[in-house]
Visitor: 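Sharing a structure here in structure tokens format.
First the proteins, then the strands, lettered A, B, ... as listed; each starts at 1. Bear in mind the structure is a predicted one, so any value in this text is a computation, not a measurement.
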Amino acid sequence: MALVIADYADCRALTGGLRSFEVEASTVRDLLQQIEARFPGLGDLIDQRMAIAIDGVITQDAHGAALAPHSEVVLLPKIGGG
Amino acid sequence: MSKQRTAAIVNGDPVEFLSDPGQTLLDVLRDELHLTGSKEGCGSGDCGACSVIMDGRLVCSCLVLAAEVEGCRVETIEGLAAGGTLHPLQQKFLDHAALQCGFCTPGLLMASKALLDANPDPTESEARYWLAGNLCRCTGYDKIIKAVLDAAAELRQDRKSA
Amino acid sequence: MNKPVKPEDTGPILKVVGTRPIRPDGVEKVTGRAAYGADLHLPGMLIAKVKRSPHAHARIVSIDTRKALALPGVKAVMTSADMPDLAAEHYEAGESASNLRDLSANVMARGKVLYHGHAVAAVAATSNAIADQALDLIDIVYEVLPHVIDVEEAMAPDAPILHDQMFTAGLGDTPTKASNIATKHRLDRGDLAAGFAAADVIVETRYSSAAVHQGYIEPHACVASYAADGQTQVWSSSQGHFVIRGLCAKLLKMRFSDVRVIPAEIGGGFGGKTTVYLEPLALVLSQKSGHPVKMVMTREEVFRATGPTSASVVTVKMGAKSDGTITAAQIDLKFQAGAFAGSPVGAAVMTSLACYDVANFEITGWDVVTNSPKVAAYRAPGAPNAALGVECAVDELAEKLGMDPMAIREKNAVRNGVRAPYGPVYKNIGYVETLEAIKSHPHMAIPLGPNQGRGIAAGFWFNIGGESTVNVSINEDGTAIVSTGSPDIGGSRASMAMMAAEVLGIGVDQVRPIVADTASIGFSTVTGGSRTTFATGMAVVQAAEKLVTDLKRRAAETWGVDQDQVVWQDGAAHCLQADKAPKGALTLAALAGSAGKTGGPIATVVALNAQGAGPGFGVHVCDVEVDPETGHVTVLRYTAAQDVGKAIHPAYVEGQIQGGVAQGIGWALNEEYVFSTGGVMENAGFLDYRVPVASDLPMIDAVMVEVPNPAHPYGAKGVGEVPIVPPLAALAIAVRHATGARMHDLPLSPSKIRAAIDAKAG
Amino acid sequence: MAQLSYLSPSSVDEAVKALSGASARALSGGTDLLVQVRSGRAKPDHIVDLKRIPGLIGIRSENGGFVIGSATCGAMLSEHPTLSKIWPGVVEAANLIGSTQVQGRASLAGNLCNASPAADSVPAMIAARATCVIAGPSGTREAAVETIVTGPGKTSLGAGEFIIAFKLPPRGSKASDAYLRLIPRTEMDIAVAGAAVSLALDADGVCTSAFVALGAVAPTALLVADAGQALVGTRLEAAALTQMEEAVRAACQPISDKRGTADYRTKIAAVLAHRAAVIAWNRAKEQA
């Protein structure tokens, strides 16, 4: 079970206020599908606008990235730069 | 609008060109003589990217009318290296990583050359004030100043041993 | 705690990485040969210019281009009617998603002009002078509307509205009334009220910054050539030619394969050259005229219609216990987005507390449209504005607590294992080491004289990875070509060549790095976000490693041994079974010379989406002297320490730090957009938009702290953006300590400082 | 701009003729004019380059003073062997105009005739009691520098008139001058305020004459007679300087604009005048 942390308000608007929840997933692709199923709109939001930190490492569009059994997954906005 | 014919010496070579009365030396260097090493960063004499040496004086070529150079000697970045050998300033800019994007570099090199021609042993402060008309947005000037002072030292050494 | 790691501790001894070779594109640049955007000349080429709005906000009633088109020498005239009317669609490009409808309306106004300088029409003609005359012949009728530029005024309920269909997102419920607030961002954790209740002291403060421009010295420039069969070539100076391609194709509804973008050398970008302004217009004009078209902005146009970054107002309420522990922080960030939504306030929300381990916080950000040029990315977008507020608030807190400014930062510093305020748990960060590097630096021991002050501030930037493609090929003589799709804005060709040379075991002078055009290499996103040395560098290393594997296979075949009997060292294959290789090692040159006999050309491509960019932290200390009678600030000395992971080419890492500091000093002291009451920028030139000149600055001591990033083969972290984050606060704090007056509004111009000194005295 | 022409007369008479047209502009260094032409703020039909007229470039001594050709560039002023010893304030003011590049071009006549209230060399020239020699259709005339500029962008020169030279008067011993300006940067700026002081001392160090001129605090550079008078008969004691500062502040009538507020400009003018007076006094004392 990966622990998903959703501190940003636009995520919480779709989780019914939940700041964290658990998902059984082995890859990011898996994770997004399950999140979308559970919180309609959130999976797509993450896919299009957000980055995912897996155990402290920020990834963007890394659908194939593996999740360990107790991975911590943090949802955060995508990052650009100058 | 009739064009004017002007004859000058650019980087040691005689050149003749036609220009509109409103065209600047920078326009002519870049568009007529295809010497695009002199850059236009502002067109108002505030950035120094178009710096050339005209009859021994450092000028912004964007603030000189093309017709004004009749009979003048103009030195541009394209003439700074002697054949295939870089000028010590060019070499020191490379050695010290004194350029990033490189857009201000031709103007800074010409300004630095004029500095060392006028003052072979500038202090850091003198170099900074002399080069204040040459904006660089990448480097923070630190490495440029070090390169100029190092080139000055080398040129002084060369002069001694010559 | 990590210790700064010396190169010899990171594994194999590095021969190239960490040295300071001369950059491969250097000679071209010191001899004036390097070709930038405005340097290309094609036969039959036209010059195109843009007609711009004289109003800050107006409805376009009519545009009549007939007289301009009739002028001899004019070959084409265009308006937004010549571009597809696009739906609102988010397109992932450059620094962040672009709304294509907004972008289209920004490059050429549609229906309304939203800022003074907004493009309304463009002409292509046979000369500059004719193009100028043609612009004067375009008749435009405007209905002038009230305008608003100040971010707080734009948020007021009765403010003039820029976009009738803008309803604030992020409030929970979508409002029914349109406003200039595009989005409200919110990030919070813990119990704010309890946090403040636990505090012994609380500060409440407010800091503002004016809009500032990236100020690259090269104005935007491009050449577009549209052939009758629809195939086009665009030469453009940008931070990402693939993004230029994508945006042109999307805005003009063209096939990507029909748009070939060739990267010119780029004369500085700092984020500002990650989008399009001229290229789509040049393409339309080239298509309409049947000629190649060159467009070059004037400096004035650069100021009026590109860049800048947001003006901002940051309020901070922060509480701490008497031992310095920060218990709660409430931060509100209002950012000016310019004419279209999309300020960097989201990143400001995320970075504002990134250096602090705070249990209870609430951070709110407001993205607000105004009648000023649409903001573009600028070096760590959003972070400097946020750091100005937070670092100054921390200094105020330290002062109230009677605590040393370094000690309060150490007390609350984020460390490995601490959850970052923006979400993830920190790993492999070097903030504490960076604080230590400043604390122990000789700078800190230099005594200050009268009217002198010292300011300390910290800063953070995420850094990013992202998509890159790299080709590495070995020439027949054993030299190598490294092609990337990443424009080189500050020396990245040098670091690419170095990493390839390191892996291949050859000299860096044997590697020629180039930036390939969009038809010659796979997709690579912009050079921005401090990603190129990290992400494109990772692809270079992987490509070179693939080649080494291939070279070992070729050598094994040649010798008739198993591949595990071959080692690659110093640019040659060595056989562990000496008897099988009587002629000794097979050099890269030998293997390359006989490549046809071992399978053909030696070349490979790596395309990746690099993950795991390590965040960067910087700590700066700055000493100033303030003339108490004039308010003039002299920067006496400046030291900037930064965790760079591993410096691939230390001289260019120092250069990034020094350059970022210089931009930050300019932002703090003198740079600002000054608008007239009519909404016209009054200082659209380098005379009155005052970027620092050489005599304004001291030497800038760049201290590189190396806490390696395990995600990168050599430990590199991005370095380009962090250094612009701390200077705004460092300067404001230094001026505070030099004068006793707390400065709340940037820039810290002499008149403001004198006024603050007078107010304090009187 | 279609009908713009460039003329390069080789005599004063030719130049007078060329400049008699309605929209002819004189070109010496061009560092202001070319920027104005490019931006469209100036739309002359003729640009008349004065630099090829004999005598318009160069510095010569005359009757104990100096005659400076009007198109002489700033760099030549500082390179002159004696000018900056005798008129250091004038030379330092001229040398503050723009960058090294601009110094290679910009002239005193251009700085004056551009008629900016903030021109750096003008207060120094006024304090020095410099005059200009003006050529025109009815011959040459001489006028005090402060009579040339009548308002921002406006001069008292008539059609066909142009300045051919500046005269700096003879200077006794124990006399000197100084110019200071305030800019936000260290270089490459337009003065927010500027102040020039020229003074002479007697053998005991008592000020026998003093002239104070200000820039950027009024529509034109100002000669503040009261300020100079406040120093005469004193050794620049605190009270004298205070009185001078008051006179300076009273004379200021600046505008608030992007470069500074009126209040700030007024305060700074006094600070700069005070400091310039002290510098000039110290320089004068060191004169033989």
Side-chain angles (χ1 to χ4, degrees), chain C residues 71-73 127-133 135-136 210 298-301 627-635 665-666 668-677 680-698 747-759, chain D residues 1-4 31-32 35-41 43 95-102 114 116 118 180-195 216 241 245 248-249 254-276 278:
Chain C
L71 185 70
S127 77
N128 251 311
I130 295 172
D132 279 331
Q133 285 177 52
L135 292 183
D136 289 341
T298 63
R299 175 56 50 187
E300 188 179 334
E301 288 179 292
D627 181 331
E629 288 185 307
T630 64
H632 191 274
V633 177
T634 302
V635 182
I665 291 173
L669 294 184
N670 284 314
E671 295 180 35
E672 66 177 316
Y673 268 55
V674 179
F675 289 98
S676 71
T677 51
V680 180
M681 183 190 184
E682 289 192 306
N683 56 337
F686 278 140
L687 182 61
D688 284 313
Y689 184 91
R690 302 183 187 91
V691 308
V693 300
S695 49
D696 291 340
L697 299 175
L748 305 170
S749 56
S751 58
K752 277 186 208 158
I753 293 177
R754 169 74 201 253
I757 292 170
D758 289 350
Chain D
M1 228 170 84
Q3 60 283 67
L4 178 69
T31 53
D32 286 313
V35 176
Q36 289 169 13
V37 170
R38 185 187 158 105
S39 71
R41 272 179 289 147
K43 292 183 177 168
N95 282 192
L96 285 173
I97 305 166
S99 58
T100 311
Q101 286 86 335
V102 168
N114 185 50
S116 159
L180 291 173
R181 68 170 181 186
L182 189 285
I183 55 172
R185 287 188 287 197
T186 53
E187 265 287 0
M188 301 299 292
D189 261 333
I190 305 294
V192 176
L241 286 165
E245 285 185 44
V248 163
R249 280 191 292 266
I255 56 166
S256 288
D257 70 0
K258 64 189 172 190
R259 298 192 178 115
T261 62
D263 176 56
Y264 179 69
R265 285 192 151 120
T266 304
K267 284 176 180 166
I268 293 313
V271 170
L272 296 173
H274 179 130
R275 292 179 183 180
V278 172

Visitor: For a quick test of reading the model, state the closest non-hydrogen atom pair linking C:Gly666 to C:Pro692 and the distance between them.
Guide: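 Between these two residues, the closest heavy atoms are CA-CG, 3.5 Å.
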Visitor: Measure distances from C:Asp627 to the heavy atoms of chain D and classify the residue's part below 4.5 Å as side chain, backbone, both or neither.
Guide: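 For C:Asp627, side-chain heavy atoms alone lie under 4.5 Å from chain D.
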Visitor: Strictly less than 4.5 Å between heavy atoms, which residues of residues 266-276 of chain D line up against chain C? Please order them by number.
Guide: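 Residues of residues 266-276 of chain D touching chain C at under 4.5 Å: D:Lys267, D:Ile268, D:Val271, D:Arg275.
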Visitor: Do you know which two heavy atoms are closest between C:Asn670 and C:Pro750, and how far apart they sit?
Guide: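 Here C:Asn670 and C:Pro750 meet closest at OD1-CD, 4.5 Å.
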Visitor: Testing the basics here: between D:Arg265 and D:Pro254, what is the closest heavy-atom pair and its distance to 0.1 Å?
Guide: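 Shortest heavy-atom contact: CD-CB, 3.7 Å.
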Visitor: Heavy-atom pairs under 4.5 Å with chain D: which of C:Arg690, C:Glu672, C:Glu629, C:Glu300 has the most?
Guide: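 Heavy-atom pairs under 4.5 Å are most numerous for C:Arg690.
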Visitor: Select all residues of residues 181-188 of chain D having any heavy atom within less than 4.5 Å of some heavy atom of chain C, and report them by number, or 'none'.
Guide: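 Listed by number, the contacting residues are D:Leu182, D:Ile183, D:Pro184, D:Arg185, D:Thr186, D:Glu187, D:Met188.
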Visitor: If we ignore hydrogens and angles and just use 3.5 Å, is the side chain of D:Thr261 paired with the main-chain N or O of D:Ser256 as donor and acceptor?
Guide: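 Flag not set: sc D:Thr261 to bb D:Ser256 has no pair under 3.5 Å.
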Visitor: Working to the nearest 0.5 angstrom, can you tell me the gap between D:Ile190 CD1 and C:Leu687 CG?
Guide: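 Nearest 0.5 Å value for the CD1-CG distance: 4.5 Å.
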Visitor: With only heavy atoms counted, which part of C:Asp696 is less than 4.5 Å from chain D, the side chain, the backbone, both or neither?
Guide: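 Both backbone and side chain.
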Visitor: For C:Thr630, is it the side chain, the backbone, both, or neither that has a heavy atom closer than 4.5 Å to a heavy atom of chain D?
Guide: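 Contact with chain D: backbone and side chain both.
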Visitor: In plain terms, say whether D:Arg41 and D:Asp32 are close enough for a salt bridge, that is, a side-chain N and a carboxylate O under 4.0 Å apart.
Guide: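 The answer is no: the pair does not qualify as a salt bridge.
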